[in-house]
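I have placed the structure first, in the form of structure tokens, so that the comments after it can refer back to it.
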2 protein chains.
Amino acid sequence: MAARDLQERIKKLIVDRRLPSGAPLPTEPELMRFLGASRNSVREALKALQAMGIVEIRHGFGTYVGPMSLAPMIEGLAFRTVAGHYRGEDSLLQLLELREAVETGLVSRLAGRLPERDLSELTALVDRMDRQAEQGAGLAETDRAFHATLYRGLDNALLSEVLEAFWDAFHRVQRDLVVVPHDPWVTCRQHREILDAVRSGDSIRAEEAIRDHFGHVRARLAPVDTTDPQDPTRATMSAYDR
Amino acid sequence: MAARDLQERIKKLIVDRRLPSGAPLPTEPELMRFLGASRNSVREALKALQAMGIVEIRHGFGTYVGPMSLAPMIEGLAFRTVAGHYRGEDSLLQLLELREAVETGLVSRLAGRLPERDLSELTALVDRMDRQAEQGAGLAETDRAFHATLYRGLDNALLSEVLEAFWDAFHRVQRDLVVVPHDPWVTCRQHREILDAVRSGDSIRAEEAIRDHFGHVRARLAPVDTTDPQDPTRATMSAYDR
DNA sequence: CATCATTTGTGCGTATGTATC
DNA sequence: CGATACATACGCACAAATGAT
């Protein structure tokens, strides 16, 4: 029995029965009977679907319909970027430019259209960035929240998820791969400028602010590190070394 | 041994050895020894990596490093959209709006910056659309080529791939799920308008043209079909019925 | 063209770890 | 604590596909 068919038939089973995220799937023996395949085949099909985020397997408990998040996309993008990076490609830069290209376009549509509620939330986030910079703490999570809150105003959950996925993939790779000596105060100032520009409703200025922000990150990215992860004298610590 | 670990260690093996796309991976028995796991566990890990597009398995031949394409992302997006659609969500509309939001932003950056070579290629594509409309042939592939050629000017291979992935996911779902009675002449006219706007260098007009184009598709999408795929009287044919 | 070795695909049996009741 | 149900893991055997001899 073709393993490819098994995956398709399990997917069909989910849509046919209108199973929502979190709904329990038939147990492995039941799937074996239903699909007419052995345990190995069923398990391999489930593993593949799990990798795609379509099903969720909880040890000793059961299999369930997955959260349908874009987590697999993050994994795939991140690995693709890491592999390309070590092969000497500028894959990390490309990922950053992808974010820049998309976000510059989106922020101009947002300018002047954000409700006061979101604006004040963004203000609070930038304020928190200031405090974190003062304490020398990392402000990655706050940066993530800022971008997420900003594009929430576009009122498209899928779009928000995609942007967050791009953010996650980029920062995961950046954290594992390169040393970025960045000045937190510059980051704070740039986010405040983005916020001010959006609040003022000036599309051009908002685009410019986003471009400045990404340009700053890009500059810190220039001296890419492509040392061999097998080389014990390497300067960075990759997640793939564990 | 956690199956999750196996996947990570195979990924680490790929980056450590700098294996490019298409390079052969160790055979299953070799991986069993290298990873100290049973064949089933190794195979399940490989299946998951295959689903993510990281490895490619060819029956009776061997396993290879995958093409690192975004094909898995298309699969995931498409399934997520289909499942959401049958559950009564407007997931297909959201996917279309995602494309619209991203493309409106990008096309304004393109206006007036496309080399004559790309412009003439786009002209040829629109001409081909006209001929196909005349013959009553489908112009989906030409539409795909138009959008791909358009954003090639942004000079970011990753961005191009992502946009093509969005296109593929949307059209796969639309083709399988809903009946869209669309007028090919309108489509032709709108693409010509996009091309003219980009050629003239008018960013505003280019954005407007893209918005018109997507607006037309959105209008044809309104009467969503959520009939039960198990219902033999259904009007549409889903890919998940096979 | 046929045969062979190699490699992946499939199926079965069994033992172990883990969660729920 | 035991009982039960389930996922996890292992090992073996055979089938099917591919490329080379």
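As the structure is a prediction and not an experimental result, all values here were calculated from the model. The chains referred to below are lettered A, B, ... by the order of the sequence lines, with proteins before strands, and numbering in each begins at 1.
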Ring-face cation contact, F214(B) with R99(B), 6.0 Å cut, 45° max: no
In short, salt bridge (charged side-chain N to carboxylate O under 4.0 Å, His left out) pairs touching residues 22-42 of chain A with sequence neighbours left out are E28(A)-R43(A)
Taking every heavy atom of A169(A) against every heavy atom of L77(A), the minimum-distance pair comes out as CB-CB, 4.0 Å
Rounded to whole Å, CG of L31(A) lies from P of dT8(D) at a distance of 13 Å
Whole-Å distance, L35(A) CG to dG11(C) P, equals 11 Å
Every protein N/O lying under 3.5 Å from an N/O of nucleotides 4-8 of chain C:
{"from": "dT8(C)", "atom 1": "OP2", "to": "E28(B)", "atom 2": "N", "distance (Å)": "3.0"}
{"from": "dT8(C)", "atom 1": "O4'", "to": "G60(B)", "atom 2": "N", "distance (Å)": "3.4"}
{"from": "dT8(C)", "atom 1": "O2", "to": "H59(B)", "atom 2": "NE2", "distance (Å)": "3.3"}

When rounded to whole Å, the CG to P distance for the pair D5(B) and dT8(D) reads 14 Å
Electrostatic pair K47(B):E44(B) at N-O distance under 4.0 angstrom = no
Whole-Å distance, R33(A) CZ to dC12(C) P, equals 13 Å
Self-check item: Sidechain N-carboxylate O distance under 4.0 Å for K11(B), E8(B)
Solution: yes
Could one point to a donor on the side chain of N40(B) or the base of dG11(D) with an acceptor on the other under 3.5 Å away? yes
Between E164(B) and I74(B), does the side chain to side chain contact (heavy atoms under 4.5 Å, CB included) criterion hold? Intermediate values first, please. CA-CA 9 Å; E164(B) 285 191 53; I74(B) 300 173; over 6 Å; no
When rounded to whole Å, the CD to C1' distance for the pair E44(B) and dG11(C) reads 14 Å
